[in-house]
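Order of listing sets the numbers, starting from 1, for every ligand and every atom in it.
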Amino acid sequence: MRYLSTRGHADRKRFCEILLEGLAPDGGLYLPETYPQISSVQLAHLRQVWKTQGYAALAFEVLSLYVDDIPASDLRALCEKSYTEASFGTPEIVPLKPLKTKAVAGAQVSLEALSNGPTLAFKDMAMQLLGNLFEYELARRNAELNILGATSGDTGSAAEYAMRGKKGVRVFMTSPLGRMSPFQQAQMFSLLDENIHNIAIEGVFDDCQDIVKAVSNDLEFKRKYKIGTVNSINWARLLAQVVYYFAGYFQATQNDTQKVSFSVPSGNFGNVCAGHVARMMGLPIEQLIVATNENDVLDEFFRTGVYRVRGTADTHETSSPSMDISKASNFERFVFDLLNRDAARTKNLFFDQLNQKGQFDLGQEPLFSTAKTKYGFLSGKSTHADRLQTIQEVFANNQIMIDTHTADGLKVAVPLAKPGVPMLVLETALPIKFAATLVEALGREPDRPAKFEGIEALPKKVKVLPMSAVAIKTYIAQHCN
Ligand SMILES: *Cc1c(COP(=O)(O)O)cnc(C)c1O
């Protein structure tokens with residue numbers, strides 16, 4: 001298996017070569033040269049593996065189709081170490097929860113729980129594996145990596161919990177001082193591991209991102225201090241997510257002739273892009289529903305063909321903050337496939353047109369209609385009022401509390417569900433992470449998993465630094481020995 005860039009660079013690379021890289025050298029994103037096709041015999045085999053051996057074994061089987069430069073026994077061990085009942089709290093890792101909803105008769109709607117991992121958001125699903133893959137590959141190369149990131153909440157803590165105590169890896173995670181929820185701050189800052197560095201910046205999230213960019217653009221510093229990232233464009237993260245589409249399918253169906261649909265609360269298009277990959281492999285997925293909040297860049301595209309990125313000033317701060325994006329960093333992967341893998345056109349759209357005009361329009365392009373017909377995409381948008389109402393309804397009818405992002409996914413899914421096709425809504429976080437909106441909707445605090453009882457009172461490790469790339473560089477240099 002070799003990987004190519006969506007912008008046509010001539011290089012073809014193997015899995016472990018792109019594992020520690022971000023963008024391809026030409027600024028494109030990596031994708032496999034072809035998607036491995038799952039035959040009906042293989043699908044039956046995977047169902048059997050899921051039933052008899054569980055999630056980690058299924059992950060190994062799916063990853064093996066894409067990874068040919070890690071010995072099978074090592075890859076299996078990495079999967080087993082990443083997906084344990086101890087880390088995810090349930091033997092199924094991603095159990096389904098059937099819901100009573102207002103969906104059309106005969107359409108069973110269920111949540112697929114992806115947020116039982118260490119930080120209670122779906123980012124753990126990929127990040128837990130990534131931590132183990134990084135440690136493995138760095139040891140093989142006798143190398144080190146310093147991960148520099150910016151977070152407004154979920155990504156940073158998932159990365160830290162995945163990398164804590166890992167050999168060869170340090171994490172320098174910037175966050176805006178005083179802007180994360182008290183729970184999120186406690187989650188991150190209570191990690192006392194030596195290789196984890198929390199840096200609170202005197203600024204907002206965009207300032208943190210600008211600093212990370214400025215440091216990464218200093219190529220000499222980047223090389224000297226082996227600076228890397230764990231952002232959602234990383235192919236290994238996307239690949240890890242493909243597995244739970246299979247696990248959801250096997251749980252919702254009895255045999256391989258049945259189809260299911262997925263509704264995915266979306267921001268950077270990383271989660272639903274993994275669903276696209278699963279569907280391209282031949283997993284019987286009817287529809288992939290892209291659910292957005294008030295930041296509806298992706299819904300607008302799937303409705304009209306116009307992809308119009310927003311400035312930070314036009315990005316709404318919403319009660320599903322992990323979907324507050326103005327530009328979907330994984331979206332180029334899907335457009336590349338939509339255009340029958342025309343790299344020159346993809347480059348023209350994402351480099352020339354986006355830079356010059358901040359938008360492109362595929363509305364008149366004949367291939368645009370295939371997003372729906374051939375690739376199964378639908379979309380919809382949800383607002384704060386929808387979120388509150390959906391949380392209230394689910395609680396009234398099921399005595400289950402759902403988080404704000406999951407509520408967006410459910411709100412968009414219900415009117416699109418079809419009779420006879422199970423609808424799986426991906427649960428992307430637990431409500432405790434977004435307690436303020438749950439209190440607004442239900443008038444009570446969400447349940448807190450036992451392992452997070454009292455974390456706000458734990459000792460904290462965090463360094464406050466001014467809004468300055470120089471200050472961050474100095475701090476990194478001081479802590480790299
Ligand atoms: C990151 C995140 C999302 C958005 O996922 P993408 O892969 O960026 O589309 C949705 N919900 C939660 C809770 C998240 O943390």
Quiz item: Where's the contact between Asp154 and ligand 1, heavy-atom distance under 4.0 Å: side chain, backbone, both or neither?
Solution: side chain

Quiz item: Nearest protein heavy atom to atom 7 (O) of ligand 1, by residue and atom, and its distance?
Solution: Asn271 N, 2.9 Å

Quiz item: Just which atoms of ligand 1 are under 4.0 Å from any heavy atom in Ser322?
Solution: 2 (C), 3 (C), 4 (C), 12 (C), 14 (C), 15 (O)

Exercise. Considering heavy atoms of the protein only, find what lies nearest to atom 9 (O) of ligand 1 and give residue, atom and distance to 0.1 Å.
Key: Gly267 N, 2.7 Å

Quiz item: Looking at Tyr55, Phe60, Tyr244, which hits ring-ring contact (aromatic ring centres under 6.0 Å, His included) with Tyr83?
Solution: Tyr55

Practice problem: State plainly whether the residues Lys433 and Asp403 are in salt-bridge range, i.e. N to O under 4.0 Å. | Solution: no

Practice problem: Cation-pi check, Arg7 to Tyr30: give yes when NZ or CZ is under 6.0 Å from the six-membered ring centre and within 45° of the ring axis, no otherwise. | Solution: no

Exercise. Give the residue and atom name of whichever protein heavy atom lies nearest to atom 2 (C) of ligand 1, and the separation in Å to one decimal.
Key: Lys123 NZ, 2.5 Å

Quiz item: Under 3.5 Å, is there a donor-acceptor pair between the Thr315 and Asp324 side chains?
Solution: no

Exercise. Check each atom of ligand 1 against the heavy atoms of Met323 and keep those under 4.0 Å away; list them by number with element.
Key: 10 (C)

Practice problem: Would you check the N or O atoms of Gly270, main chain and side chain alike, for any that come under 3.5 Å of an N or O of ligand 1? | Solution: yes

Quiz item: Which residue holds the protein heavy atom closest to atom 12 (C) of ligand 1, what is that atom called, and what is the gap in Å?
Solution: Thr428 OG1, 3.5 Å

Quiz item: Does NZ or CZ of Arg164 fall inside the cone over Tyr161's six-membered ring, less than 6.0 Å from its centre and within 45° of the axis?
Solution: yes

Quiz item: Would you find more than 12 non-hydrogen atoms of other residues, nucleotides or ligands less than 6.0 Å from Lys100 atom NZ?
Solution: no

Practice problem: Before accepting this row, confirm whether a basic side-chain N of the pair Arg333/Asp337 lies closer than 4.0 Å to the acidic partner's carboxylate O. | Solution: no

Quiz item: Any salt bridge between Glu294 and Arg387, counting N to O under 4.0 Å?
Solution: yes

Quiz item: Quick one: do Arg310 and Asp296 make a salt bridge, cutoff under 4.0 Å?
Solution: yes

Self-check item: Atoms in ligand 1 flagged as close to Ser266, the criterion being non-hydrogen separation under 4.0 Å
Solution: 9 (O)

Self-check item: Distance filter under 4.0 Å to Ala429 heavy atoms, resulting ligand 1 atoms
Solution: 13 (C)

Quiz item: For ligand 1, which part of Phe269 has a heavy atom less than 4.0 Å away: the side chain, the backbone, both, or neither?
Solution: backbone

Quiz item: ligand 1 versus Lys433, non-hydrogen atoms closer than 4.0 Å: side chain, backbone, both, neither?
Solution: neither

Quiz item: Within less than 4.0 angstrom of ligand 1, does Ser232 place any heavy atom?
Solution: no

Exercise. List the closest protein heavy-atom neighbour of atom 8 (O) of ligand 1: residue, atom name, distance to the nearest 0.1 Å.
Key: Asn268 N, 2.7 Å

